[in-house]
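Following: one structure in structure tokens, then a few remarks.
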Amino acid sequence: MSQHDLFLNLLRPAVLHILRATGFHCGKPSAVDTVVDLTARYLTLLAERTAYNAYSNHNDPTPDISDVRMAMQDCALLVPTMTAGEELWKEFLRKPLDAYNAESGARDMEERRRDAEDTADVAAFIEWVEGEQNREIRRIAGTYKPVATNPTEQLDQLDQLEMEDYLNSRPSPVMRPALR
């Protein structure tokens with residue numbers, strides 16, 4: 001087994017969990033292999049762009065958060081709200097921070113507003129990841145723990161967690177989305 005095959009086999013359970021969480025409970029092995037291969041290629045592209053940005057920005061193979069963010073924009077994971085030219089003109093025409101009164105707190109408020117504006121796409125991405133549409137993926141991954149309000153709900157949640165076994169369950173032969 002080659003190293004490439006090993007990594008694809010390690011990625012396969014994660015992709016299967018994501019597919020199951022989005023409503024697909026079975027599928028042909030060739031279709032699942034295609035999705036796993038596309039996922040691996042996308043992750044590879046994201047890693048390559050991150051390494052390229054790290055080397056281009058600060059001549060160091062160790063990336064920082066700005067290198068990752070730029071790679072996410074290069075791979076269309078984050079979509080910038082403005083073009084580079086628009087950002088440049090906005091920054092050029094913007095009132096400098098030194099012009100704001102520091103004693104009244106206006107400078108701090110403007111700095112916080114600019115920081116929030118600059119990181120709006122990252123905040124939107126984090127909100128999407130932690131949002132309602134990805135709750136099932138987080139539940140299957142074990143990172144989402146719903147809070148039960150009464151003892152009956154707590155027992156129901158414990159029973160449900162014990163009964164679910166996604167790796168050993170037997171899917172039906174046709175790939176179809178679950179009806180909700």
Side-chain angles (χ1 to χ4, degrees), residues 7 10-11 13-24 35-150 153-154 157 160-161 166 177-178 180:
F7 292 143
L10 290 172
L11 183 61
V15 170
L16 287 173
H17 282 311
I18 291 170
L19 287 173
R20 184 176 297 264
T22 55
F24 292 96
V35 174
V36 170
D37 187 51
L38 288 172
T39 304
R41 288 176 189 225
Y42 191 79
L43 289 173
T44 301
L45 176 66
L46 192 60
E48 287 173 353
R49 293 301 303 171
T50 302
Y52 174 79
N53 289 333
Y55 190 72
S56 297
N57 291 338
H58 41 84
N59 203 18
D60 184 21
T62 305
D64 59 13
I65 191 68
S66 63
D67 299 328
V68 175
R69 182 178 177 188
M70 288 173 62
M72 292 172 85
Q73 286 180 345
D74 292 344
C75 296
L77 196 57
L78 296 178
V79 180
T81 56
M82 292 186 286
T83 65
E86 290 171 336
E87 286 183 17
L88 185 64
W89 274 105
K90 183 176 182 177
E91 188 64 32
F92 184 71
L93 296 173
R94 189 172 6 198
K95 184 177 175 182
L97 282 175
D98 295 340
Y100 289 94
N101 187 358
E103 294 174 5
S104 67
R107 184 181 298 169
D108 292 335
M109 286 179 24
E110 178 65 16
E111 197 170 345
R112 282 195 301 271
R113 187 190 67 76
R114 289 181 184 185
D115 288 343
E117 186 180 280
D118 289 343
T119 59
D121 54 348
V122 175
F125 177 73
I126 291 171
E127 185 178 311
W128 175 79
V129 167
E130 294 176 347
E132 191 65 28
Q133 65 270 20
N134 291 323
R135 182 174 48 97
E136 185 69 8
I137 293 172
R138 290 192 319 273
R139 186 187 67 78
I140 289 174
T143 61
Y144 175 75
K145 304 288 186 219
V147 178
T149 56
N150 60 37
E153 288 180 3
Q154 290 175 350
Q157 287 176 358
Q160 185 180 10
L161 289 174
Y166 290 106
R180 292 184 183 189

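For this chain, numbers begin at 1 and follow the sequence in order. Below, each value reflects all heavy atoms present in this structure, side chains not excepted, and no hydrogens, waters or symmetry copies.
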Q | Residue pair I18, V35: steps toward the side chain to side chain contact (heavy atoms under 4.5 Å, CB included) verdict | A | CA-CA 11 Å; I18 291 170; V35 174; over 6 Å; no
Output the distance between atom [atom1] ([X]) and atom [atom2] ([Y]), rounded to the nearest 0.5 Å.
X    : Y   : atom1 : atom2 : value
D74  : R49 : CG    : CZ    : 4.0 Å
I137 : H17 : CD1   : NE2   : 11.5 Å
F24  : L16 : CZ    : CG    : 12.5 Å
E86  : L88 : CD    : CG    : 11.0 Å

Q.
Strictly below 4.0 Å, N to O, side chains only: are R114 and E110 in salt-bridge contact?
A. yes
Would you call [X] and [Y] a side-chain contact if the rule is heavy atoms closer than 4.5 Å?
X   : Y    : value
L43 : L11  : yes
K90 : E117 : yes
R41 : T44  : no
V68 : M72  : yes

Tell me the closest heavy-atom pair linking [X] and [Y], and the distance in Å.
X    : Y    : answer
N134 : W128 : ND2-O, 2.8 Å
C75  : L45  : SG-CG, 3.7 Å
F125 : L78  : CB-CD2, 3.4 Å
T50  : P63  : CG2-CB, 3.5 Å

Q: Not counting sequence neighbours, list each pair that qualifies as a ring-ring contact (aromatic ring centres under 6.0 Å, His included) and has a residue in residues 52-90.
A: W89-F92
Would you check if the side chain of [X] reaches a backbone N or O of [Y] as a donor-acceptor pair within less than 3.5 Å?
X    : Y    : result
R107 : Y100 : yes
R138 : V129 : yes
T119 : V122 : no
N57  : N53  : yes
D64  : D67  : yes

